[in-house]
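Have a look at the structure below before the remarks.
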Number of protein chains: 2
Amino acid sequence: MGESHHDDSDGATATEAAVQLLRRDIVTGALTPASKLKIRELKERYGIGASPMREALAQLSAQGLVQQSSQKGFRVPPLSAAELLDITRSRQLIEVEALRLAITHGDASWEDEIVASFHLLEHYFRRVVPQPTSPNDEFETRHARFHHALIAACPLHLVRSFCETLYEKATRYRLMMRTDYGFSNDCVIAEHRTLMEAVLSRDVDGAVREHHAHIQLTADILLDVLAHSPEQGDDRFVGQ
Amino acid sequence: MGESHHDDSDGATATEAAVQLLRRDIVTGALTPASKLKIRELKERYGIGASPMREALAQLSAQGLVQQSSQKGFRVPPLSAAELLDITRSRQLIEVEALRLAITHGDASWEDEIVASFHLLEHYFRRVVPQPTSPNDEFETRHARFHHALIAACPLHLVRSFCETLYEKATRYRLMMRTDYGFSNDCVIAEHRTLMEAVLSRDVDGAVREHHAHIQLTADILLDVLAHSPEQGDDRFVGQ
DNA sequence: TTTCCCAGTTTTGTCGATAAAAATGTTGCT
DNA sequence: AGCAACATTTTTATCGACAAAACTGGGAAA
């Protein structure tokens, strides 16, 4: 089961370290979805004091990555088909607009980063084929970098950061799939390549259509997985 | 000259109270834009301990209503024309989509709340005409309620909550205008009435156009005010 | 058996104190 | 004067301890 027990690895303050570790473990699923987050346990899990722990939890709860009820502490937000649908539709609405703006505003360096991150994504499969899931997940890093690069040229900072939030929430669901599926490598690359080509050729409508479809596809797969695995949450009161 | 010094008025925990009070004072401008937020001062200002104060600050900083630098504490985010433009464009992109969805999904009770909140907004001027700015600002409450009602029927929870965040950020700038302008009452009502009528008649394109223009108009006025008042921030290092 | 109430335990939320870091002010040197 | 090193004060970030609230389990009453 899950075990970490790092102590240091602090860039600066203990709170920041706690935020990073917590975020990682929640997005990854190392902390199971509907479970309770008792500060005592987290405290000894990460070797960080209670105060920075609470501060980190407060920060993440404001960001929607942790739930907080008034005098009943914190818990990992449960996964639900309803939320996944909300996330998916929101991304299809917003991220697509961000992409549109990025395409019309993007310069050469924007294109370069897209190409570079794509090749990193592509090369991941050539080297590390057999491993289905590595814990620190290099693949996720590269995938995130590619999707980040796409909308990096969107001039609206707030919209971009909202997209990042949505992407992170979607990642929680996506990582869930990893155990069940081996995620057919070639297919994934093809998907992303056509998307990239549409973007680089400044074909706005094509890129938008492609991006919309890309989000829809992964969502469909995930919804299917969700439907067949109603077991979630280890603690009582799973309901949202 | 800010003064509050409430002690209780807590719905539940001290942190929640701190969040509410801080949020109010930042949005209102009671805490001046680029100023530093020393916990000592806040602590005695609100009569709340340091720990809940830090927790509240962390929460708000995750929401973008407070800035935090690693070992240099917290401060109120500065106001800038650049950010106002970002907020405006983002609202014109997102909030308009939310409105579109609300119009196609809204039911009778949605319409009712729009009508009700509009009349409350309208009646505000009939009763409380002369006061230019009341501190707790009943007007803001009603205005917020109306704009909230418009998109309340948007089925995408995440998009809606993002709109609320944007609205709140915009409010910071809007409240700034209150001192300089007397904001011509009749004109404001007319604006909102035509918007409401377009929405209620399910004229999607008309409502969208109206809403877009509404946001643009207030932004234009505010940008003008901003240009003529470069003085902001009482503490050193105003730069963004 | 079911329900309700009451101890005991765990957990949460808050306070005060403290070390580390930053900001400030002061002195001495070129 | 201008600048640099140092001493002092302020502020931040963190820890440990404690009261209040929530949860748990066992027994008494219906």
Side-chain angles (χ1 to χ4, degrees), chain A residues 5-23 26 31-32 34-62 65-77 233-239, chain B residues 5-23 31-32 34-62 66-77 233-239:
Chain A
H5 247 316
H6 305 150
D7 329 290
D8 37 354
S9 84
D10 52 305
T13 78
T15 302
E16 290 172 47
V19 168
Q20 275 193 318
L21 294 173
L22 259 177
R23 151 169 288 137
I26 289 174
L31 293 168
T32 67
S35 67
K36 192 144 194 327
L37 292 169
K38 311 187 190 183
I39 49 299
R40 177 89 54 92
E41 292 177 9
L42 297 177
K43 195 171 121 91
E44 58 190 33
R45 173 175 229 236
Y46 298 122
I48 292 179
S51 312
M53 212 64 227
R54 283 193 64 85
E55 213 170 303
L57 285 166
Q59 217 162 313
L60 291 180
S61 98
L65 226 75
V66 161
Q67 283 186 342
Q68 178 175 29
S69 7
S70 211
Q71 236 115 356
K72 303 202 289 180
F74 305 86
R75 53 176 56 228
V76 181
D234 59 344
D235 260 291
R236 53 234 153 242
F237 208 68
V238 175
Chain B
H5 247 316
H6 306 150
D7 327 292
D8 38 354
S9 84
D10 51 304
T13 80
T15 302
E16 290 173 47
V19 168
Q20 276 193 319
L21 293 173
L22 260 176
R23 149 168 289 138
L31 292 168
T32 68
S35 66
K36 192 144 194 326
L37 292 169
K38 313 187 189 182
I39 49 300
R40 178 89 56 91
E41 293 176 8
L42 297 176
K43 193 171 120 91
E44 57 191 34
R45 174 174 228 234
Y46 299 121
I48 292 180
S51 312
M53 213 64 228
R54 282 193 65 84
E55 214 170 300
L57 285 166
Q59 219 162 311
L60 290 179
S61 99
V66 161
Q67 283 185 344
Q68 176 175 29
S69 7
S70 211
Q71 236 115 358
K72 304 202 287 180
F74 304 86
R75 53 175 57 227
V76 181
D234 59 344
D235 260 292
R236 53 239 151 237
F237 209 67
V238 175

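Chain letters run A, B, ... following the sequence lines, proteins first, then strands; residues in each count from 1.
Between B:R54 and D:dT12 there is no side-chain N or O to OP1 or OP2 distance below 4.0 Å. In this structure, B:T15 reaches the C:dT14 phosphate: one of its side-chain N or O atoms is under 4.0 Å from OP1 or OP2.
Side chains of B:Q68 and A:T15 form no contact here, defined as non-hydrogen atoms less than 4.5 Å apart. Side-chain contact between A:L22 and A:V66 is absent, with no heavy atoms from C-beta onward closer than 4.5 Å. Side-chain contact between A:L60 and A:V19 is present, with at least one heavy-atom pair separated by less than 4.5 Å.
Taking the side-chain hydrogen bond (donor to acceptor under 3.5 Å, both in side chains) definition, one finds that B:E55 meets it with A:R54, sequence neighbours left out. For A:S70, the side-chain hydrogen bond (donor to acceptor under 3.5 Å, both in side chains) partners are B:E16, not counting sequence neighbours.
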**Report entry** Sequence-aligned protein contact record of nucleotides 5-10 of chain C, with B where the base is within under 4.0 Å of a protein heavy atom and S where only the sugar-phosphate is
**Finding:** ------

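Closest to the side chain of B:T13, out of D:dC23, C:dG13, D:dT11, is C:dG13. Among the nucleotides C:dT14, C:dT11, D:dT11, the one closest to any side-chain atom of B:K36 is D:dT11.
In this entry the distance linking CZ of B:R75 with P of D:dT12 reads 10 Å, nearest Å. The CD1-C1' distance, from B:I48 to C:dT14, rounds to 11 Å in whole Å. A straight line from CD of A:Q68 to C1' of C:dT12 spans 10 Å, rounded to a whole angstrom. Here D:dT10 presents its P atom at 14 Å from CD1 of B:I39, a figure rounded to the nearest Å. What separates CE of B:M53 from C1' of C:dT14 is a distance of 14 Å, to the nearest Å. Atom CD in B:E16 sits roughly 15 Å away from atom P in C:dT12 (whole-Å rounding). Atom P of nucleotide C:dG13 and atom CG of A:L37 are separated by 12 Å, given to the nearest angstrom. A straight line from CG of A:L42 to C1' of D:dC15 spans 17 Å, rounded to a whole angstrom.
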Could you list, one pair per line, each protein nitrogen or oxygen that sits under 3.5 Å from a nitrogen or oxygen of nucleotides 16-20 of chain D, together with the distance?
none

Using atom names, set out every protein N or O paired with an N or O of nucleotides 7-9 of chain D below 3.5 Å, distance rounded to 0.1 Å.
none

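At distances below 3.5 Å, not a single donor-acceptor pair connects side-chain atoms of A:K38 with backbone N or O atoms of A:G73. Although no hydrogens or angles enter the test, the distance criterion places no donor-acceptor pair under 3.5 Å between the side chain of B:R75 and the main chain of B:Q67.
Residues A:A14 and A:I48 share a closest heavy-atom pair of O-CD1, 3.8 Å. Nearest heavy atom pair, residue B:A18 against residue B:P52, reads CB-O, 4.3 Å. The shortest non-hydrogen separation linking A:L65 to A:R23 is CD2-CA, 4.2 Å.
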Report task. Before giving the answer on side chain to side chain contact (heavy atoms under 4.5 Å, CB included), spell out for B:R45 and B:L31 the whole-Å C-alpha distance, their side-chain angles and the decisive distance to 0.1 Å. Result -> CA-CA 11 Å; B:R45 174 174 228 234; B:L31 292 168; 3.5 Å; yes

Query raised in the report: Yes or no on side chain to side chain contact (heavy atoms under 4.5 Å, CB included) for B:V76 and B:T32, after CA distance, side-chain angles and deciding distance?
Result: CA-CA 7 Å; B:V76 181; B:T32 68; over 6 Å; no

